[in-house]
Undergrad: 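Let me give you the structure first, and then I'll get to my questions.
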Amino acid sequence: MARIRYGARSEAEIRAARGASAKLPDIWSTGVVAVWESDPDAVAAVLPPPLKPTGRPLVRANISKVDLPGYPLGAGSVAVAAEHDGVTGWYPLVMPMTHERALIGGREVFGEPKKLGEVTVERDGLVVRAALARHGIAFVEVRGAVGEALPLPEPTRKVDFYFKFLPAVDGSGLEGDAVLVHCERNEKVRKLERVTGDVVLRESMYDPVADLPVRSLVELTIGEKTTDQRGRVVERVSAEALLPYIHQRYDDPQQILDGPPEGSA
């Protein structure tokens, strides 16, 4: 009988898949990073407990194209500075990805708020344009001119905070408590240039980053970098505490808050 592809994999096949994922080479991306100071009340309002604001209300947009062989990927994020238990990092609100494969792993393994979207990074000589778009709206757009090369930073460890949870089957909220994940990223940079330009935030009911206005632009660069990541669960978070914030993850939060229709089987 021909192999049934939905059938169980052997232990050897599972070990081989794990080994292949552990031996991935460095994957380099080209991306624009914008950091700005925003409204402190707005930044504090989007942080679920136990995350807390840092001493400076920073927002970061990262817009990148990743050179995967035969599988080019656009990847982006908009995150706010946050602190947890003495650790300073970033809490991403939305992470557009251009392919389902990149979306699924991050959401299901780490709890990343990834969504399918459009990611653009274009460079024509010294002119740069980068954007994150969904539902036909470029809700973040960066335009500028490339300036001087900047000194390369030393390899750096950065932390992102994620909440991993499951919506309840009966629409009552969450299927048990959530977990707070510290995702540690080791970042190496091989090229970095300053960009002089602007960050434009456009109104979107699906991705309302316009609520985090640009009060002062802190950093605007284009560069090439590679990162690896490891996640660990650091704390359990009650469903009741997280429930007011889960709409951040979904375009239509009613889908997970609605119970099954009456009379449905």
Side-chain angles (χ1 to χ4, degrees), residues 32-63 76-96 110-115 117 130-135 137-144 158-165 173-174 177-183 185 197-221 234-254 256-257:
V32 171
V33 176
V35 179
W36 64 91
E37 195 164 310
S38 190
D39 180 83
D41 292 335
V43 170
V46 303
L47 292 173
L51 299 183
K52 298 178 181 179
T54 64
R56 196 174 182 191
L58 297 179
V59 184
R60 181 191 66 189
N62 194 329
I63 309 171
S77 70
V78 178
V80 297
E83 184 270 336
H84 173 252
D85 199 21
V87 177
T88 300
W90 296 92
Y91 173 60
L93 295 166
V94 60
M95 301 177 71
F110 294 101
E112 294 173 331
K114 289 185 173 180
K115 299 178 179 179
L132 301 176
R134 299 180 65 250
H135 302 287
I137 302 169
F139 59 91
V140 178
E141 184 173 8
V142 177
R143 291 181 180 271
K158 298 183 178 180
V159 177
D160 282 350
F161 303 118
Y162 305 125
F163 292 93
K164 184 176 180 179
F165 58 85
L174 302 185
D177 289 340
V179 293
L180 173 58
V181 175
H182 284 197
C183 185
R185 302 178 185 275
D198 298 303
V199 177
V200 177
L201 307 179
R202 294 189 177 89
E203 174 58 33
S204 169
M205 64 179 291
Y206 302 104
D207 304 290
V209 298
D211 291 348
L212 302 165
V214 181
R215 294 284 174 83
S216 175
L217 193 57
V218 176
E219 173 188 339
L220 190 56
T221 60
V234 297
E235 185 174 332
R236 292 200 168 271
V237 179
S238 74
E240 291 77 12
L242 191 58
L243 194 61
Y245 297 89
I246 62 171
H247 64 282
Q248 296 174 344
R249 189 72 55 88
Y250 304 98
D251 287 350
D252 182 8
Q254 203 65 30
I256 64 165
L257 296 176

Undergrad: Of all residues at least two apart in sequence or in a different chain, which pass the salt bridge (Lys or Arg N to Asp or Glu O under 4.0 Å) check with D39?
TA: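 With sequence neighbours excluded, D39 shows a salt bridge (Lys or Arg N to Asp or Glu O under 4.0 Å) to R215, given in chain and number order.
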
Undergrad: Between W36 and L201, is any pair of side-chain heavy atoms under 4.5 Å apart?
TA: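 When only atoms from C-beta onward are counted, L201 and W36 do touch, with a gap below 4.5 Å.
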
Undergrad: Hey, does V80 have a side-chain heavy atom less than 4.5 Å from the side chain of L58?
TA: no

Undergrad: Counting heavy atoms not belonging to R202, are there more than 12 under 6.0 Å from its CZ?
TA: yes

Undergrad: Does L217 reach the side chain of V199, with side-chain heavy atoms less than 4.5 Å apart?
TA: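 Answer yes - side chains close enough.
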
Undergrad: For H182, give me all partners under ring pair (Phe, Tyr, Trp, His ring centres under 6.0 Å), at least two apart in sequence or on another chain.
TA: H84, F161

Undergrad: Between D177 and R236, does at least one N-O distance fall below 4.0 Å, as a salt bridge requires?
TA: no

Undergrad: Just jot down the salt bridge (Lys or Arg N to Asp or Glu O under 4.0 Å) partners of E83, sequence neighbours excluded, or say none.
TA: none

Undergrad: Is there a side-chain contact between V94 and F139 in this structure, where contact means two heavy atoms from C-beta onward sitting under 4.5 Å apart?
TA: yes

Undergrad: For the residue pair R143 and V200, establish whether any side-chain heavy-atom pair is separated by less than 4.5 Å.
TA: no

Undergrad: Are the side chains of L220 and V32 in touch, meaning some heavy atoms are under 4.5 Å apart?
TA: yes

Undergrad: Within the structure provided, determine whether R249 and F165 are in side-chain contact (heavy-atom separation under 4.5 Å).
TA: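 R249 vs F165: side chains touch.
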
Undergrad: Compare all side-chain heavy atoms of P50 with those of E235 and state whether any distance is below 4.5 angstrom.
TA: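 Yes, their side chains come closer than 4.5 Å.
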
